[in-house]
Amino acid sequence: MIVIKGKSVFGGIAIGRISYLKKSREIVKRTIISDTRKELARFEAARQAAILQLEELYEQAAAKVGEANAMIIQIHQMMLEDLDYLEAVNNMIENQGVTAEYATSVTGDSFSLKFSSMEDEYMRERAADVLDISERVIKILRKEKQTAPSPKGPVIIASDDLAPSETIQLDKEMVLSFLTKYGSLNSHTAILARTMNIPAVIGLQDGLTEDWDGKTAVVDGFTGTVYLDPDEKTLEEMEEKKRREEEKKELLFSLKGKENITKDGKAIQLYANIGNSSDIGAVLENDAGGIGLFRSEFLYLEKSDYPTEEEQFSVYKYVAESLAGKKVIIRTLDIGADKQVPYFDLPKEENPALGYRAIRICLTRKELFKTQLRALYRASAFGNISIMFPMITSLKEVLEIKEVAAEVKAELKKAGIPYKENLELGIMLETPAAVLISDLLAQEVDFFSVGTNDLTQYTTAVDRQNPMLDKFYDPHHLSILRMLKLAADNAHKNGKWIGICGELAGDLSLTEAFLSIGIDELSVSPALILPLRQKVRESSVGPVNPDWFL
Ligand code: PEP
Ligand code: MG
């Protein structure tokens with residue numbers, strides 16, 4: 001048995017035979033031609049034909065993996081319109097008198113090399129895409145058929161790398177798992193594997209070789225481990241792990257794809273809370289409608305120095321792309337109180353929970369705030385991002401936040417960097433002050449999300465961190481339910497939506513109360529989505545029960 005490790009793209013266990021996709025890229029010979037005009041016309045015709053093929057492929061892909069994921073095909077179309085690329089091919093044909101095949105091949109290689117040495121991770125990942133489009137054009141020029149990889153029978157697909165257009169064309173029924181030598185977690189291939197719910201391990205490097213073809217392997221997508229020729233003990237263990245996973249899944253699977261709608265027709269959004277981009281697998285697997293709270297401070301907590309704009313951008317973009325158009329609400333950093341980061345150099349305080357934390361840090365250290373907002377706005381061009389601000393207590397804070405956001409947008413616009421102009425800006429309601437002025441706040445923001453963990457702490461004056469006070473920490477306190485109702489009414493009067501992202505959101509004993517006062521969204525840990533869906537579907541809401549608020 002050989003055991004190797006790579007980077008896990010999607011959890012799950014696969015056991016089966018490996019089919020190694022050998023991609024012998026044929027060398028294109030340098031051939032001289034005499035009629036350059038004819039050759040230029042040949043290239044142009046092939047390019048147009050490639051664009052048409054991609055249009056068809058887009059339709060197929062959109063039906064299979066959704067429009068947001070199929071966007072990669074549109075990126076390929078755009079690359080085929082790229083003036084630098086076209087000029088490079090045309091110049092080679094004209095100046096060197098070479099064939100269109102050769103000019104396309106050399107240009108594809110050199111653009112790919114250029115992309116792969118770029119600092120920006122997104123651009124680096126375009127290296128595979130430019131090779132992909134060049135090969136497509138060459139095949140058309142050679143009148144070769146574009147063949148999609150067609151594995152025989154359910155197999156574990158192994159390959160040096162998989163082009164996004166190949167991944168998208170694979171028949172999902174025939175693929176148990178993907179293994180690749182190269183590739184990064186942010187590549188479109190990885191994102192597609194995740195969206196298709198296929199266990200995949202990438203970056204296996206030289207551990208993965210062509211002679212694995214035909215052999216049996218076990219892929220543990222949870223740990224990123226591949227076992228080649230597994231011994232009996234490993235096989236038994238993995239079969240057991242697979243069986244347990246399948247049982248668990250089956251129970252809840254019956255609820256996947258179903259609506260979050262009560263018996264009397266009341267609908268609610270069920271989103272997931274995450275602290276890390278590695279939680280995405282669980283978000284998708286549990287069929288969350290979106291991400292209701294991404295606690296971005298974990299990016300800061302994991303590091304020994306401030307995460308750069310680039311580092312943050314790539315994480316936010318990755319999360320937005322992985323969610324493929326579903327809403328992703330990212331909360332700006334909530335450092336301070338129980339979440340201390342040494343490099344922030346925060347002064348010691350008598351009452352840290354009532355002290356220098358969250359938005360208070362951001363509004364006094366604007367550069368830090370702007371770095372995060374820039375990363376968020378930039379990532380907004382790649383998915384459906386909303387931004388949410390924690391620990392709000394006043395209207396003044398909200399107006400100041402909006403000013404900083406406007407500055408960030410103006411800077412991006414000036415620099416020609418894409419971002420979404422009207423992304424939703426929301427606030428957390430986690431202080432009694434914010435709830436009591438929610439009528440005014442609702443006029444300035446797009447949504448509310450109630451942080452019941454802090455709201456309980458600040459309303460009932462009970463430190464949420466102190467185990468001695470567990471007995472007194474009561475999120476069911478009447479004051480909390482009344483505040484929820486008040487905030488929901490104020491949100492709705494102003495045409496805004498309201499959710500709950502504190503732990504109380506997952507409390508099944510209150511689901512009906514939440515539904516009856518018109519809470520529009522509940523955001524809970526991924527594993528709670530399906531149990532909550534079950535509860536919603538079993539409920540009948542009826543009118544608001546006044547007893548809940550007395
Ligand atoms: C809350 O306070 O309810 C909340 C969701 O934020 P956190 O738990 O991160 O403070
Ligand atoms: Mg909070």
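Keep in mind that this is a model prediction, so the values were computed, not measured. Whatever order the structure lists them in is the order used to number ligands and atoms, beginning at 1.
Of the possible polar contacts, none joining the Arg374 side chain to the Val408 backbone as a donor-acceptor pair under 3.5 Å is found. A distance-only check finds a donor-acceptor pair linking the side chain of Arg482 to the backbone of Phe549 [under 3.5 Å]. Formation of a donor-acceptor pair under 3.5 Å by the Lys409 side chain with backbone atoms of Glu421 is found in this model.
Looking at Lys339 and Asp334, a side-chain N of the basic residue comes within less than 4.0 Å of a carboxylate O on the acidic one, giving a salt bridge.
Annotation for ligand 1: atoms under 4.0 Å from non-hydrogen atoms of Leu293 are 5 (C). Near Met428, the atoms of ligand 1 lying under 4.0 angstrom from a non-hydrogen atom of the residue are 4 (C), 5 (C), 6 (O).
Side-chain polar atoms of Ser516 and Glu512 form no donor-acceptor pair below 3.5 angstrom.
Excluding waters, the protein N/O/S atoms found under 2.8 Å from the Mg ion (ligand 2) are Glu430 OE1, Asp454 OD2.
When each of Thr364, Leu333, Ile359 is checked for a side chain to side chain contact (heavy atoms under 4.5 Å, CB included) with Phe369, only Ile359 meets the rule.
With a 4.0 Å heavy-atom cut-off, ligand 1 is reached by the side chain of Arg464 but not by its N, CA, C or O. Here Gln457 has no heavy atoms under 4.0 Å from ligand 1, in either its backbone or its side chain. For Glu503, no heavy-atom contact with ligand 1 is shorter than 4.0 Å.
Polar contact check, Arg295 against ligand 1: a nitrogen or oxygen pair lies under 3.5 Å apart. When only interatomic distances are considered, the shortest N/O to N/O separation between Arg331 and ligand 1 falls below 3.5 Å.
Surrounding NZ of Lys258 are more than 12 heavy atoms belonging to other residues, nucleotides or ligands, all under 6.0 Å away. Applying the 6.0 Å contact sphere to CD of Glu240 captures more than 12 heavy atoms from other residues, nucleotides or ligands.
Not less than 6.0 angstrom separates the ring centroid of Tyr318 from the ring centroid of Phe382.
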